[in-house]
Every structure is written in C-alpha cells, then in structure tokens.
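Here's the structure we're looking at; comments come further down.
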Amino acid sequence: PPGVGKSYGVEQEIEKVQMVQMLGSDRLRAEVVKGSATPIGLYQTLYKYSDENCVLVFDDCDSILLEDVSLNVLKAALDSSKKRTIHWNADSRLLRSEGIPNKFDFKGSVIFITNIKFDKVRGKVKDHLEALMSRCHYLDLTIDTVRDKLLRIKQIAQTGTLFPAYGMTHEQE
C-alpha cells in the first residue's frame with residue numbers, strides 16, 4: 001500500500017551499497033526512474049544500465065505495467081535464461097541517433113515498485129503480469145490487519161530516523 005516506505009527503503013539500501021563500494025573500482029551503477037516511461041524509453045534505459053553491476057529501480061512507473069510493448073521488453077529483461085537478449089525490431093530514428101543497437105544482452109537487475117495489486121488486474125495484462133511474477137522475486141507488502149500496521153509502525157520507529165528528521169526526543173520516538 002502507499003506510504004509504507006517501499007521507495008525510501010530501496011533507495012537507502014542502494015545508497016549504502018554505493019558508499020561501501022566507493023573505494024573499489026567496480027561501483028554499483030543505479031538509477032531510480034520515477035513517473036512514466038514509454039516502451040522506447042524503457043528500452044533505452046535498460047540499454048544504458050545493461051551491465052552486471054547495474055540496478056534499475058522503476059518507482060511508480062505503472063505505465064510500463066499497463067502497456068503490451070513495454071511489458072514484452074520488461075519480460076525479455078527479466079527472462080530466466082542465462083542470456084537475456086532484448087530486441088527492438090521497429091524502425092527508430094531516436095535509437096539510431098543515440099547509437100543504441102536494435103538488440104543487446106541485459107545483465108543488470110531491476111526493482112519495480114508499484115501499488116498495483118497484480119492479483120486484482122484483469123484482461124490481457126494479467127497474463128503478462130503472471131509471466132513477470134514467474135521470472136522474478138515478487139513481494140506483496142500488503143498491510144491489511146491492525147497487527148500488521150502496528151508492526152510496521154514499530155519497525156519504522158526503531159530505525160531511529162524520527163528523532164533527527166522530526167525533532168522528536170528518544171522517548172517520543
């Protein structure tokens with residue numbers, strides 16, 4: 001559900017890894033994409049972050065999950081085979097002008113954050129979403145019960161972030 005800290009938690013973990021790796025040469029390359037992405041925009045972004053040490057985070061880019069071409073590109077990126085080749089077999093002046101090939105191997109990782117309930121989606125998109133879930137780790141962070149909500153509140157309070165961010169005393173936190 002909205003507001004449980006999905007985006008914040010993922011961004012914090014990426015920042016931690018990047019800070020540790022600053023001393024090394026094989027630094028994690030990550031990008032958080034928020035908002036909307038067209039199918040060709042998705043293809044371009046996957047190409048740009050196609051190396052092994054890359055992580056793409058799509059945060060509330062729900063248009064990708066609701067459009068056939070985007071879903072097919074995403075399924076190719078998340079294929080469970082050893083070699084994940086993504087193709088763009090439509091003429092594109094944009095790809096040519098940026099030197100992006102019409103196919104490439106994707107070795108990166110993808111995190112997709114959305115509030116869409118996959119089990120509630122109907123129609124043709126449902127089959128695509130089921131295919132995506134079969135190719136990745138899918139976490140449903142539904143918090144429906146009062147117990148779940150209180151556990152989440154306790155978890156946030158224990159991080160120690162309320163004290164400095166909101167000027168609370170440790171007792172208030």
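The chain is numbered in sequence order, starting from 1.
Of the residues Val10, Ile111, Val32, the one that meets the side-chain contact (heavy atoms from CB on, under 4.5 Å) test with Val55 is Ile111.
With sequence neighbours left out, Gln12 forms a side chain to side chain donor-acceptor pair (under 3.5 Å) with no residue at all. Residues satisfying the side chain to side chain donor-acceptor pair (under 3.5 Å) criterion with Arg96, sequence neighbours excluded, are Asp91. Scored by the side chain to side chain donor-acceptor pair (under 3.5 Å) test, Thr145 finds Asp148 as partners (sequence neighbours excluded). With sequence neighbours left out, the side chain to side chain donor-acceptor pair (under 3.5 Å) criterion links Glu11 to Lys34. By the ring pair (Phe, Tyr, Trp, His ring centres under 6.0 Å) test, Phe118 pairs with Tyr138, sequence neighbours left out. In terms of the salt bridge (Lys or Arg N to Asp or Glu O under 4.0 Å) criterion, Lys154 has no residue partners (sequence neighbours excluded). For Tyr49, there are no ring pair (Phe, Tyr, Trp, His ring centres under 6.0 Å) partners, not counting sequence neighbours. By the ring pair (Phe, Tyr, Trp, His ring centres under 6.0 Å) test, Phe106 is found to be paired with no residue, residues two or more places apart in sequence or in another chain being considered. With sequence neighbours excluded, no residue forms a salt bridge (Lys or Arg N to Asp or Glu O under 4.0 Å) with Glu31.
Once rounded to the nearest 0.5 Å, the distance linking CG of Leu42 with CD1 of Ile86 reads 7.5 Å. Considering OH of Tyr47 and CG of Leu95, their distance stands at 10.0 Å, rounded to 0.5 Å.
Arg135 and Asp79 make their closest contact through NH1-CA, 3.9 Å (heavy atoms, listed as atom of the first residue, atom of the second, distance). Across all their heavy atoms, Ser7 and Ile113 have their closest contact at CA-CD1, 3.9 Å. Contact detail for Phe112 and Asp62: the closest heavy-atom pair is CE2-OD1, 4.5 Å. Scanning both residues, Ile40 and Trp88, for their nearest heavy atoms gives N-CH2, 3.6 Å. The two residues Val125 and Leu65 make their nearest non-hydrogen contact at CG1-O, 3.2 Å. Heavy atoms only, all atoms of each residue included: Ser36 and Cys61 are closest at N-SG, 4.3 Å.
Two different hydrophobic clusters hold Val33 and Tyr8 under the rule that ILVMFWY side chains link at heavy-atom gaps under 4.5 Å.
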With a 3.5 Å cut-off and sequence neighbours excluded, list the donor-acceptor pairs that the side chains of residues 127-134 form with protein atoms.
unit_1, atom_1, unit_2, atom_2, d
His128, ND1, Lys75, NZ, 2.8
His128, NE2, Asp68, OD1, 3.4
Ser134, OG, Ala131, O, 2.7

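Ring geometry for Phe104 against Tyr43 counts as perpendicular: the plane angle is over 60°, on a 0 to 90° scale with 30° as the lower cut.
Sequence neighbours left out, the pairs with a member in residues 38-53 that pass salt bridge (Lys or Arg N to Asp or Glu O under 4.0 Å) are Arg29-Asp51. Identified under the side chain to side chain donor-acceptor pair (under 3.5 Å) test for residues 99-112, with sequence neighbours left out: Thr85-Asp105.
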Kindly determine whether Thr114 and Ile64 satisfy side-chain contact (heavy atoms from CB on, under 4.5 Å), including the steps that lead there. CA-CA 11 Å; Thr114 182; Ile64 293 171; over 6 Å; no

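The closest donor-acceptor contact from the side chain of Arg84 to the backbone of Ala77 lies under 3.5 Å.
For the pair Val121 and Leu66, the minimum side-chain heavy-atom distance is 4.5 Å or more.
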